[in-house]
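Down below is the structure, laid out as structure tokens.
Just so it is clear, the structure is predicted and the values come from calculations on it, not from any experiment. Below, read A as the first sequence line, B as the second, and so on, with proteins coming before strands; counting in each chain starts at 1. Atom set for the values below is all heavy atoms of this structure, side chains included, hydrogens, waters and symmetry mates excluded.
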There are 2 protein chains.
Amino acid sequence: MPARIADAPPLDRLDELCCSPLTDAPLSATEAAVLAPVLAALGDPVRLRLLSLVAAQGEVCSCNLEEPLERSQPTVSHHTRVLAEAGLIVGERRGKWMWWRVVPDRFALLRRLLGGA
Amino acid sequence: MPARIADAPPLDRLDELCCSPLTDAPLSATEAAVLAPVLAALGDPVRLRLLSLVAAQGEVCSCNLEEPLERSQPTVSHHTRVLAEAGLIVGERRGKWMWWRVVPDRFALLRRLLGGA
DNA sequence: CCTGTACATTGATGGCTGTCGATAGGATTC
DNA sequence: GAATCCTATCGACAGCCATCAATGTACAGG
């Protein structure tokens, strides 16, 4: 019986992670099931570039992502959703536009996981 | 035309990455194509646990991974291969056994990517 | 050389994923 | 309210992936 990503606990629980470095102690299956989707969200080249665009500019509108990413509007919307569900970015609607910015805490969590001092 | 992971440059080129933090400047498509597979390798719960087992123990034999991961031998072999191709672990054959250990440089690279000071 | 052990590879399978066209929702403006 | 613009969702499709049983390969000990 595969431990698919779909079986993972809700991502709302992400904040409850102890998240000590990988090198300290083996991850439990539950911790891994919560963390893996976050890293999987980073495991796509389009999302990496999307994220770097948002991070570098502080705040980016969805409509300004299609062109640099060379992807259709539905595809961009799909990727912003994945990143948002991973807690890596948050969106705020202002009028007709959707503005995205990164969530620095999530990156700090991942750096800690990767053994950052 | 999708920019699939399969289209990414060989992972041998991983060392050539400039890898400035995501927040500094948007990633090029090429940089993203090289980095994404590394993060994708981390985006699986079984591989995360495998990695933490290796990291926490310094060195682990393949035969000591099947039981804690609750996966068959071919599946464990598959995951070690993926992590090794991502440059996150290296294996060394000693007699009949295959010993795995982590590659700290890769983790430092990822921490830097994630905006580590 | 033969046997047993440890690991890698193959083949098959079900599920997941990235992509886009078409369509629907929601906000702004006239 | 109607038209317009931006975004989200749906449906479909092709490719990728995690998994395991079966098989192949390599090594150690008799």
From [atom1] of [X] over to [atom2] of [N], roughly how many Å is that when rounded to an integer?
| X | N | atom1 | atom2 | value |
| --- | --- | --- | --- | --- |
| A/R49 | C/dT19 | CZ | P | 10 Å |
| A/M98 | C/dG26 | CE | C1' | 12 Å |
| B/D44 | D/dC16 | CG | P | 18 Å |
| A/E92 | D/dC6 | CD | C1' | 16 Å |
| B/L83 | C/dA8 | CG | P | 13 Å |
| B/W100 | C/dA8 | CH2 | C1' | 10 Å |
| A/E67 | D/dT7 | CD | C1' | 18 Å |
| B/L50 | D/dA18 | CG | C1' | 14 Å |

- Item | Stems involving DNA chain C, each a run of at least 3 consecutive Watson-Crick or G-U pairs under 3.5 Å |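 DNA chain C stems, ordered by first number: C:1-30 with D:1-30.
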- If you group Ile, Leu, Val, Met, Phe, Trp and Tyr by side-chain heavy-atom gaps below 4.5 Å, do A/V82 and A/M98 land in one group?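 In one cluster: no.
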- Within a radius of less than 6.0 Å around CD of B/E67, do more than 12 heavy atoms belonging to other residues, nucleotides or ligands occur?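 No, the 6.0 Å shell around CD holds no more than 12 heavy atoms from other groups.
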- Considering residues at least two apart in sequence or located in another chain, which fulfil the side chain to side chain contact (heavy atoms under 4.5 Å, CB included) criterion with A/C63?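 Checked A/C63 against side chain to side chain contact (heavy atoms under 4.5 Å, CB included); matches are A/C61, A/W97.
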- Task: Give the C-alpha distance, both sets of side-chain angles, the deciding distance and a yes or no for side-chain contact (heavy atoms from CB on, under 4.5 Å) between A/E92 and A/R101.
- Result: CA-CA 9 Å; A/E92 180 190 350; A/R101 61 178 185 280; 3.4 Å; yes
- Which part of the nucleic acid, if any, lies within reach of B/W99 when heavy atoms closer than 4.0 Å are counted: base, sugar-phosphate only, or nothing?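 No contact.
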- Task: Would you mind telling me which residue lines up with the more 5' stretch of DNA chain D, A/C61 or B/E70, judged by nearest nucleotide?
- Result: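 Its nucleotide being nearer the 5' end, the pick is A/C61.
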- Message: Taking side-chain hydrogen bond (donor to acceptor under 3.5 Å, both in side chains) as the cut-off, I'd like each qualifying pair that reaches into residues 47-61 of chain B, sequence neighbours left out, listed once.
- Response: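 Every pair satisfying side-chain hydrogen bond (donor to acceptor under 3.5 Å, both in side chains) with a residue in residues 47-61 of chain B: B/R47-B/H79, B/E59-B/R94.
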- Message: Please determine whether side-chain contact (heavy atoms from CB on, under 4.5 Å) holds for the pair B/L83 and B/V102, giving the CA-CA distance in whole Å, both sets of side-chain angles, and the decisive distance to 0.1 Å.
- Response: CA-CA 9 Å; B/L83 288 171; B/V102 300; over 6 Å; no
- Message: Test question: given the 4.5 Å side-chain rule for I, L, V, M, F, W and Y, name all other residues clustered with A/V90, or answer none.
- Response: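 A/V103, which link up through side-chain heavy atoms under 4.5 Å apart, make up the rest of the cluster.
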- Task: Mind listing the residues from residues 72-81 of chain A sitting with a heavy atom below 4.0 Å of DNA chain D? Number order is fine.
- Result: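 Going residue by residue through residues 72-81 of chain A, the ones with a heavy atom under 4.0 Å of DNA chain D turn out to be A/Q73, A/P74, A/S77, A/R81.
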- Item | A/R71 vs C/dG18: side-chain N/O to OP1/OP2 distance below 4.0 Å |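 Negative; the distance criterion is not met.
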Look for any protein N or O under 3.5 Å of an N or O in nucleotides 27-29 of chain C and output each such pair with its distance, or none.
none

- Message: Whether the A/S72 and A/T75 side chains hold a donor-acceptor pair (N or O, under 3.5 Å, no angle test) is what I'd like checked.
- Response: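 Yes - a donor-acceptor pair under 3.5 Å links their side chains.
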- Query: Looking only at side chains, do A/W100 and A/S62 share a donor and an acceptor under 3.5 Å apart?
  - Reply: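 Yes, because at least one side-chain N or O of A/W100 sits under 3.5 Å from a partner of the opposite role on A/S62.
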- Does B/L114 reach the side chain of B/P21, with side-chain heavy atoms less than 4.5 Å apart?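 Answer no - side chains too far apart.
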- Within a strict 4.5 Å, meaning less than it, do heavy atoms of the A/L42 and B/L35 side chains meet?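 No. Closest side-chain heavy atoms not under 4.5 Å.
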